[in-house]
Number of protein chains: 2
Amino acid sequence: MLTERQRMILNVIIDDYIRSAEPIGSRSISKRSDVSFSPATIRNEMADLEELGFLEQPHTSAGRIPSIKGYRYYVDHLVRLSEVNDQDVQKVRSFFTEKMNQMEQIIQHAASILSNLTNYTSIVLGPETFTNSLKHFQLVPISEDAAVAIIVTNTGHVENRTISIPADMSMDEMQQAVNILNTKLIGVPLARLKSKLYTEVGQELGRYAEQCEKLLGVLDEALKSEDDHRVFLSGATNMLTQPEFKDVDKVKTVLDLLDETPTIMQMFSSLPSGIAVRIGTENTHEAINNCSLITATYSAHGHQLGTIGILGPTRMDYAKVISLLDLLSKDMAVLLSRWYK
Amino acid sequence: MLTERQRMILNVIIDDYIRSAEPIGSRSISKRSDVSFSPATIRNEMADLEELGFLEQPHTSAGRIPSIKGYRYYVDHLVRLSEVNDQDVQKVRSFFTEKMNQMEQIIQHAASILSNLTNYTSIVLGPETFTNSLKHFQLVPISEDAAVAIIVTNTGHVENRTISIPADMSMDEMQQAVNILNTKLIGVPLARLKSKLYTEVGQELGRYAEQCEKLLGVLDEALKSEDDHRVFLSGATNMLTQPEFKDVDKVKTVLDLLDETPTIMQMFSSLPSGIAVRIGTENTHEAINNCSLITATYSAHGHQLGTIGILGPTRMDYAKVISLLDLLSKDMAVLLSRWYK
DNA sequence: CGTTAGCACTCGTTATCGATGAGTGCTAAT
DNA sequence: ATTAGCACTCATCGATAACGAGTGCTAACG
């Protein structure tokens with residue numbers, strides 16, 4: 001529905017605006033070497049594009065800026081996904097060579113790289129653990145009435161909680177209960193631990209029932225609080241460098257949002273697999289209605305594990321961010337596959 | 001060296017300025033019910049106080065604001081440490097009643113409470129672990145060539161790392177090495193693990209030497225990276241609400257500093273025990289030269305464990321923050337003593 | 001008919017100027 | 001020693017004007 005020339009002009013306007021953050025006038029477009037029309041012609045086209053909803057005018061005597069619809073069209077039809085800058089590839093690759101044998105470390109590092117290379121804010125959602133299965137369960141006594149409960153999953157994820165031991169129970173008894181749980185529950189997905197316990201293991205435990213209840217409580221809690229540890233942020237303060245956030249109040253609502261792990265979890269929970277772009281008001285959370293969120297899911301061995309995302313102003317370098325996310329999500333998959341074979 | 005009246009006036013100016021964030025004029029002081037002097041008298045005293053270095057004038061026709069030296073005198077001699085607001089005590093107490101059986105959780109929660117009650121940024125440094133001693137060391141295999149190494153300390157602190165197992169080594173052999181380490185090293189402070197191993201356990205390990213090397217490497221790494229996990233922040237965005245930080249650039253340098261865990265560790269490493277107040281340029285880091293940092297150490301059973309701190313503008317409610325830190329540091333000591341008996 | 005030069009017009013930005021008023025320092029009277 | 005009085009300073013605010021970037025429209029051009 002847009003003519004070739006209109007598409008070209010829209011493309012140029014968005015590219016220029018992404019770089020300059022200032023409204024683009026007809027004259028500056030006309031002066032470009034790849035454009036051979038006079039300002040007047042450009043103006044006519046721009047007026048049409050505005051009528052169609054792809055451009056906006058901050059005020060009468062200013063140039064045009066892209067609207068949400070304009071960005072959307074750009075992302076869907078115009079953007080040329082450049083190869084990632086060689087230098088940037090280099091940095092990502094060197095990320096590979098560093099040996100990191102902690103999954104958390106890899107993920108946090110990936111977030112750092114993303115925010116460094118883009119100067120936006122990166123958000124990475126780590127793998128969920130409740131689909132993992134129990135590999136090992138253990139109690140380590142640390143005093144007369146306290147012990148550390150340790151849970152290891154098949155992916156090597158470790159959760160631990162300090163629990164206090166009831167006075168009327170010996171350490172031996174406790175240990176026995178743990179042994180029973182271990183023999184019966186290894187291999188069971190964490191999400192089904194509790195139900196599994198009640199239906200199949202309940203009777204065997206006999207007098208340990210009460211203690212098992214307690215242990216299960218610990219397990220349960222471990223799974224809940226783990227949400228907090230799935231979200232990795234980096235470069236939140238990059239928001240402050242964006243000219244659209246020179247107003248302190250605006251940036252505060254965004255930064256406050258980033259502090260709320262549950263909200264981020266919710267934002268990321270409903271994303272499709274692959275690359276997704278949410279522009280401005282397409283985001284349901286009002287605080288980021290003048291931001292764009294670009295996300296890419298990563299997976300290993302066919303299992304979708306988590307999501308990496310970049311949050312920046314709507315005036316974002318979509319081409320760069322998309323290709324970078326694409327690159328990194330694939331690389332992460334390779335790195336993480338080690339834990340998921 | 002200051003007359004009683006000068007002290008009174010300085011006190012009033014700082015109290016008012018802390019509340020209003022605007023230069024205080026002689027007239028507004030004179031109008032207070034507890035002051036019975038004319039503006040002219042106040043002005044004379046203010047001129048003297050300025051000459052002595054306790055006050056400053058932003059410009060000729062403005063009121064006075066406290067200088068660093070003024071704040072320092074206020075903190076050292078004038079501030080009346082009010083009891084903590086009942087409502088606030090209530091909140092801190094309710095923090096007690098919630099049962100939290102994870103030390104991290106308690107510390108993070110303490111940070112949240114601090115920032116909520118003060119509207120400043122809170123920084124909490126958790127207990128260091130390298131003075132803890134080894135309680136338990138274990139390998140949990142998670143695949144053919146990978147295992148999770150788990151370290152439990154006497155305080156119930158758990159560190160874990162994923163390690164890959166060399167192809168030329170059976171799981172059994174590995175396990176035996178672990179067993180030897182366990183019998184020999186339990187009770188040894190983490191800081192001395194490595195040297196202890198080489199001097200005393202070395203020869204016994206025989207052919208496992210190489211593997212032990214590797215395991216020790218894991219331990220070593222665990223102790224290093226643990227620094228990152230000692231710093232707990234809350235309310236960093238509160239900085240944005242302070243009128244002295246309406247300028248985005250200023251606030252960015254502060255927020256960037258807060259993102260650098262090592263810098264914070266360094267800031268907190270050289271603090272005396274008890275309450276400490278660092279005002280403005282008394283802070284060595286330039287980024288917070290117009291901030292004040294108030295810290296309080298907390299301890300259990302005589303052992304100093306960590307530090308809780310509040311970072312805000314120099315125009316900070318010192319009375320409130322100091323008494324709150326005092327309260328909370330003692331309460332935390334009680335809560336945490338459980339892990340350190 | 002598409003394109004473009006020309007031109008009047010809009011409107012945000014910036015600078016200037018004066019009025020305002022809060023606050024000071026100084027002096028002289030109390 | 002205290003204070004009333006007063007001249008002075010200077011940030012803030014509003015109005016006004018100059019400026020200029022950019023537009024929309026019209027008419028001319030190929």
Side-chain angles (χ1 to χ4, degrees), chain A residues 1-10 12-17 19-67 70 243-244 246-247 315, chain B residues 2-10 12-17 19-67 70 243-244 246-247:
Chain A
M1 82 212 211
L2 291 187
T3 68
E4 193 52 43
R5 194 168 66 186
Q6 282 173 326
R7 292 157 55 98
M8 185 267 278
I9 290 177
L10 180 59
V12 166
I13 289 178
I14 295 185
D15 280 343
D16 279 8
Y17 184 64
R19 231 174 307 117
S20 70
E22 268 160 26
I24 309 299
S26 57
R27 217 176 96 88
S28 72
I29 295 179
S30 170
K31 274 197 292 191
R32 286 174 60 115
S33 58
D34 54 345
V35 174
S36 56
F37 299 98
S38 75
T41 310
I42 309 285
R43 276 204 292 281
N44 285 329
E45 296 286 30
M46 279 162 70
D48 289 348
L49 282 169
E50 182 172 358
E51 204 164 351
L52 290 169
F54 295 98
L55 294 180
E56 285 172 1
Q57 226 176 350
H59 56 266
T60 315
S61 69
R64 302 302 209 291
I65 63 175
S67 65
E244 26 269 282
K246 66 176 190 299
D247 178 11
R315 180 190 59 81
Chain B
L2 291 186
T3 69
E4 193 52 43
R5 194 169 66 186
Q6 282 173 325
R7 293 158 53 97
M8 186 267 279
I9 290 177
L10 180 59
V12 166
I13 289 178
I14 296 185
D15 280 343
D16 278 8
Y17 183 65
R19 230 174 309 120
S20 71
E22 269 162 25
I24 309 299
S26 56
R27 217 175 97 87
S28 74
I29 294 178
S30 170
K31 275 197 294 189
R32 286 175 60 117
S33 59
D34 54 345
V35 174
S36 54
F37 300 97
S38 75
T41 309
I42 310 285
R43 276 203 292 280
N44 285 329
E45 297 285 30
M46 279 162 71
D48 289 348
L49 283 170
E50 183 172 358
E51 205 163 350
L52 291 169
F54 294 98
L55 293 180
E56 285 172 0
Q57 226 175 348
H59 57 266
T60 316
S61 69
R64 302 302 207 292
I65 62 174
S67 67
E244 27 269 283
K246 67 177 189 299
D247 177 12

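The structure presented is a predicted model; accordingly, all values stated were derived computationally and were not measured. Chain identifiers are assigned alphabetically (A, B, ...) following the order of the sequence lines, protein sequences preceding nucleic acid strands; residue numbering begins at 1 within each chain.
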Point to revise | Any B/R32 side-chain heavy atom under 4.5 Å of B/V12 side chain | key: yes

Exercise for review: Evaluate the side-chain proximity of A/I65 to A/R315: yes if any heavy-atom separation is below 4.5 Å, no if none is.
Suggested key: no

Study note, to complete from the structure: Between B/P243 and B/A21, the two heavy atoms sitting closest are CG-CB, 3.8 Å

Exercise for review: Whole angstrom is fine here: how far is it from CZ in B/R43 over to C1' in C/dA28?
Suggested key: 14 Å

Review point. Among residues 27-34 of chain B, which residues get a heavy atom nearer than 4.0 Å to DNA chain C?
Key: none

Study note, to complete from the structure: In terms of heavy-atom contacts, A/I29 and A/I24 come closest through CG1-CG2, 3.7 Å

Revision key, fill the gap. Heavy atoms of B/E22 and B/Y17 approach each other most closely as O-CD1, 3.2 Å

Practice item. Heavy atoms only: give me the nearest B/I14-B/P66 pair and the separation to one decimal. Key: CG1-CG, 3.6 Å

Revision key, fill the gap. So, with a heavy-atom separation below 4.0 Å from DNA chain D, the residues of residues 55-64 of chain A are A/Q57, A/T60, A/S61, A/A62, A/G63, A/R64

Review point. Of the non-hydrogen atoms in A/S67 and A/G53, which two are nearest, and what is the gap between them?
Key: OG-O, 2.5 Å

Practice item. Starting from the C-alpha separation in whole Å, work towards a yes-or-no answer on side-chain contact (heavy atoms from CB on, under 4.5 Å) for B/Q6 and B/D48. Key: CA-CA 9 Å; B/Q6 282 173 325; B/D48 289 348; 3.7 Å; yes

Check your understanding: First and last nucleotide of DNA chain D in contact with chain A, 5' to 3', at under 4.0 Å to a heavy atom: what are they?
Key -> D/dA21 to D/dC25

Review point. How about A/L2 and A/F54: do any of their side-chain heavy atoms sit closer than 4.5 Å?
Key: yes

Counting only pairs under 3.5 Å, give me each side-chain donor-acceptor contact of residues 39-46 of chain B, with atom names and distances, residues two or more places apart or in other chains.
| residue | atom | partner | partner atom | Å |
| --- | --- | --- | --- | --- |
| B/T41 | OG1 | B/S38 | OG | 3.3 |
| B/R43 | NH1 | B/S26 | OG | 3.2 |
| B/E45 | OE2 | B/R5 | NE | 2.7 |
| B/E45 | OE2 | B/R5 | NH2 | 2.8 |

Atom pairs, N/O to N/O, protein against nucleotides 1-4 of chain C, distance under 3.5 Å?
| residue | atom | partner | partner atom | Å |
| --- | --- | --- | --- | --- |
| C/dT3 | OP1 | A/R5 | NH1 | 2.8 |
| C/dT3 | OP2 | A/R5 | NH1 | 3.1 |
| C/dT3 | OP2 | A/R5 | NH2 | 2.8 |
| C/dT4 | OP2 | A/S38 | N | 3.1 |
| C/dT4 | OP2 | A/T41 | OG1 | 2.6 |

Review point. Which residues satisfy the salt bridge (Lys or Arg N to Asp or Glu O under 4.0 Å) test with A/E51, sequence neighbours excluded?
Key: none

Check your understanding: For the atom pair CZ (A/R64) and CD (A/E56), what is the distance rounded to the nearest 0.5 Å?
Key -> 10.5 Å

